[in-house]
Protein chains: 2
Amino acid sequence: MTTAPAAVDRRQRRRLETIEEVVDVAAEVVAEQGAAGLSIGEVARRMGIKPPSLYGYFESKNAIYDALFARGAQQVLEVMRPVMRAAADEQSLETALLTSGRTMIRWSIEHPAYAQLIFWRPVPGFEPSPAAYAPAIALMDESRQSFTVLQERGLIRSDISVDVILRNWTILVSGITTQQLSNAPDEPFDTGTFTSALPDIVAMFATRYAAPPAGRQPASTTRKVRRADKR
Amino acid sequence: MTTAPAAVDRRQRRRLETIEEVVDVAAEVVAEQGAAGLSIGEVARRMGIKPPSLYGYFESKNAIYDALFARGAQQVLEVMRPVMRAAADEQSLETALLTSGRTMIRWSIEHPAYAQLIFWRPVPGFEPSPAAYAPAIALMDESRQSFTVLQERGLIRSDISVDVILRNWTILVSGITTQQLSNAPDEPFDTGTFTSALPDIVAMFATRYAAPPAGRQPASTTRKVRRADKR
DNA sequence: GTCTATATGACGATAGAC
DNA sequence: GTCTATCGTCATATAGAC
C-alpha cells in the first residue's frame with residue numbers, strides 16, 4: 001500500500017532531513033551576513049531549489065528564524081546543562097563561575113549567528129515562539145537552581161537573593177559577549193580582547209558575592225562589602 | 001544674481017534643514033521598528049515626498065545609517081563629556097562611576113534607536129565611517145583620561161593598567177544596557193530590572209579596583225583582592 | 001506530496017523629464 | 001529639486017505540472 005507505515009516513515013524522515021538542511025543553510029547565511037541578512041532566496045539558491053519550494057517546509061521567513069532560535073537555545077542548554085550541574089558541586093564560587101561562564105561565552109563567540117538571535121533582537125517583527133523559547137527559560141531555571149545549591153552549601157552570601165545574584169551574573173556574561181561580538185567578532189575566544197577579561201570579572205563577582213569564610217566575619221558593620229550594599 | 005552669496009547660503013541652509021529632517025524621521029522609524037527596520041520608502045512617506053528624492057540628500061541607505069550613528073555618537077559624547085570631567089574630581093571611585101554610568105545607561109535606554117546602532121551591529125554590511133566613529137573614539141579617550149586622573153589621585157589601584165580598568169568598565173555598562181534593551185526595552189531607566197542593578201555592579205567594581213585606604217594595607221600577600229588578581 | 005512557474009507588491013537604487 | 005518610470009531583488013502567495 002502507498003500509505004504503509006514504512007513508506008510514511010520514509011517520507012516523513014526525508015521531510016525532516018530537508019527541514020534540518022534548511023536550518024543548516026540558514027545558520028550558514030546568518031553566520032556570514034548577520035541575523036538580519038537572512039533571505040529566503042539565498043537559502044533556496046544554496047540548496048539548489050526555488051524560493052517557493054521552501055514554503056512547503058516553513059510557512060514564513062520568521063518560522064525559519066524561530067527554528068534557528070529554537071536550535072540555538074536547545075544547543076546552548078545542552079552545552080550548559082552538564083557544566084551547571086558540575087558547577088553546583090564546585091569547591092568555590094569562583095571556580096564554578098569561571099567554568100560555566102567560560103563555556104557559555106565560548107559557545108556564544110563560536111556560534112555568533114545563534115548568539116545574535118538569542119541575546120539581541122536584530123530582526124524587527126520576530127518574536128520567538130513559546131516552544132522555541134522554552135530551552136532559554138529552562139537554562140535560566142537551571143542556573144537559578146545551581147546558584148541556590150551554591151548558596152545552600154554556604155559558598156554564596158545568604159543575605160542576597162538568588163534572583164539578584166542571577167540577574168547580576170547575566171549582566172556580566174552578556175557584557176563580555178556583547179563587547180566581544182560587536183567590537184572584535186573575528187577574535188577567537190581564547191585570545192579575545194573582552195573574553196580575556198572573564199577571570200577578572202569572575203574574581204570581581206566572587207569577591208563580592210562569595211560567603212565570607214566562617215569565623216572571619218566581625219560584628220562590625222563598617223566592612224567594605226557591607227557598606228556598599230544598600231539596595 | 002542667482003548665485004549671489006546670500007542666495008547660496010539660503011539654499012545651503014534649506015538643504016541642511018532637509019538633511020536634518022531626514023535624520024529626525026529615520027530616528028523615529030528606527031525607534032519604532034528597530035535598526036534593521038529602517039526603509040527609505042517609509043522615511044519618504046512620512047516626509048511627504050517620493051523615495052528617489054531622498055537620494056538628493058543621501059547617496060544610499062547606509063549613508064542614512066551613518067548619519068544616525070554620527071548623531072548618536074555626537075550626542076552621547078556631549079552628554080558624557082561634562083559628567084566625565086566632573087567624575088575625575090569626585091571624592092571616590094564609586095560615586096564617580098555611579099554618576100557617569102547612570103548618565104551613559106540612561107541615555108542609551110532613552111535613545112534605543114541610537115544605542116542599538118552604536119552598541120550592536122544590527123545592520124549587515126553597514127560599518128560606520130571614520131567621521132561618524134570619531135566621537136565614539138573621543139568618548140573612549142576621555143573615559144581613559146578620567147580613569148587616569150582618578151588613578152593619579154590615588155582613588156584607583158596603581159597596580160592595574162587604565163586600559164584594563166576601562167575595558168572591564170565598558171563590559172559592565174554594556175552588559176546592563178544590553179540586558180535591559182533586549183529583555184525589557186519598555187521599562188524606564190529608573191525602574192528597569194537591569195538598570196536597577198547599577199549600584200550593585202558599581203559597588204562590585206569599586207570594591208575590586210578602588211585603591212585600598214592608605215595605611216590599611218598589610219604586607220601580607222594573602223589579601224583576598226590580591227590573591228584573585230593573577231592575570 | 002513536492003516541486004516549478006508565475007504573480008504581487010515592497011524594497012533599494014538609477015535615469016531622465018520637468 | 002522633485003518627480004515619473006524603470007530595474008533587479010526581495011518575501012510571499014497561488015496554480016498547477018509531475
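Convention: sequence-line order gives letters A, B, ...; per-chain numbering from 1.
- Residues in residues 96-105 of chain B take part in no salt bridge (charged side-chain N to carboxylate O under 4.0 Å, His left out) pair, two or more places apart or across chains.
- For the pair A:Q12 CD and C:dG1 P, the computed distance is 10 Å after rounding to whole Å.
- Among residue pairs with one or both ends in residues 23-59 of chain B, none qualify as ring-ring contact (aromatic ring centres under 6.0 Å, His included); sequence neighbours excluded.
- Residue pairs satisfying the salt bridge (charged side-chain N to carboxylate O under 4.0 Å, His left out) criterion with at least one member in residues 125-145 of chain B, sequence neighbours excluded, are listed as follows: B:R81-B:E142, B:R85-B:E142, B:R121-B:E127, B:D141-B:R144, B:R144-B:D163.
- B:N183 is linked by a side chain to side chain contact (heavy atoms under 4.5 Å, CB included) to B:Q179, B:F194, counting only residues two or more places apart in sequence or in another chain.
- Residue pairs satisfying the salt bridge (charged side-chain N to carboxylate O under 4.0 Å, His left out) criterion with at least one member in residues 128-139 of chain A, sequence neighbours excluded, are absent.
- Look at CG on A:L54: it is 9 Å from P on C:dC3, rounded to the nearest Å.
- No side-chain heavy atom of A:F69 sits under 4.5 Å from any side-chain heavy atom of A:Y114.
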Summarise how protein sits on nucleotides 4-15 of chain D as a single string, 5' to 3': B when a protein heavy atom is under 4.0 Å from the base, S for sugar-phosphate-only contact, - for no contact. BB----SSBBB-

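- Listed by first and then second residue, the salt bridge (charged side-chain N to carboxylate O under 4.0 Å, His left out) pairs that reach into residues 56-67 of chain B come to none, sequence neighbours excluded.
- B:Y57 comes within contact range of the sugar-phosphate backbone alone, with a heavy-atom separation under 4.0 Å but no base atom that close.
- Spacing between atom CG of A:L16 and atom C1' of C:dG1 amounts to 14 Å, rounded to whole angstrom units.
- Between B:F126 atom CZ and C:dG12 atom P the separation is 15 Å, expressed in whole Å.
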Taking distance alone, no hydrogens or angles, what donor-acceptor pairs closer than 3.5 Å link side-chain atoms of residues 25-40 of chain A to residues at least two apart or in another chain?
residue: A:E32; atom: OE1; partner: A:R46; partner atom: NH2; Å: 2.8
residue: A:E32; atom: OE2; partner: A:R46; partner atom: NH1; Å: 3.2
residue: A:S39; atom: OG; partner: A:E42; partner atom: N; Å: 3.0

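- As rounded to whole Å, 11 Å separates atom P of C:dT4 from atom CE of A:M47.
- Using five terminal pairs a side, the axes of the helix from C:dG1-D:dC18 to C:dC18-D:dG1 at its two ends make an angle of 10°, given in steps of 10 degrees.
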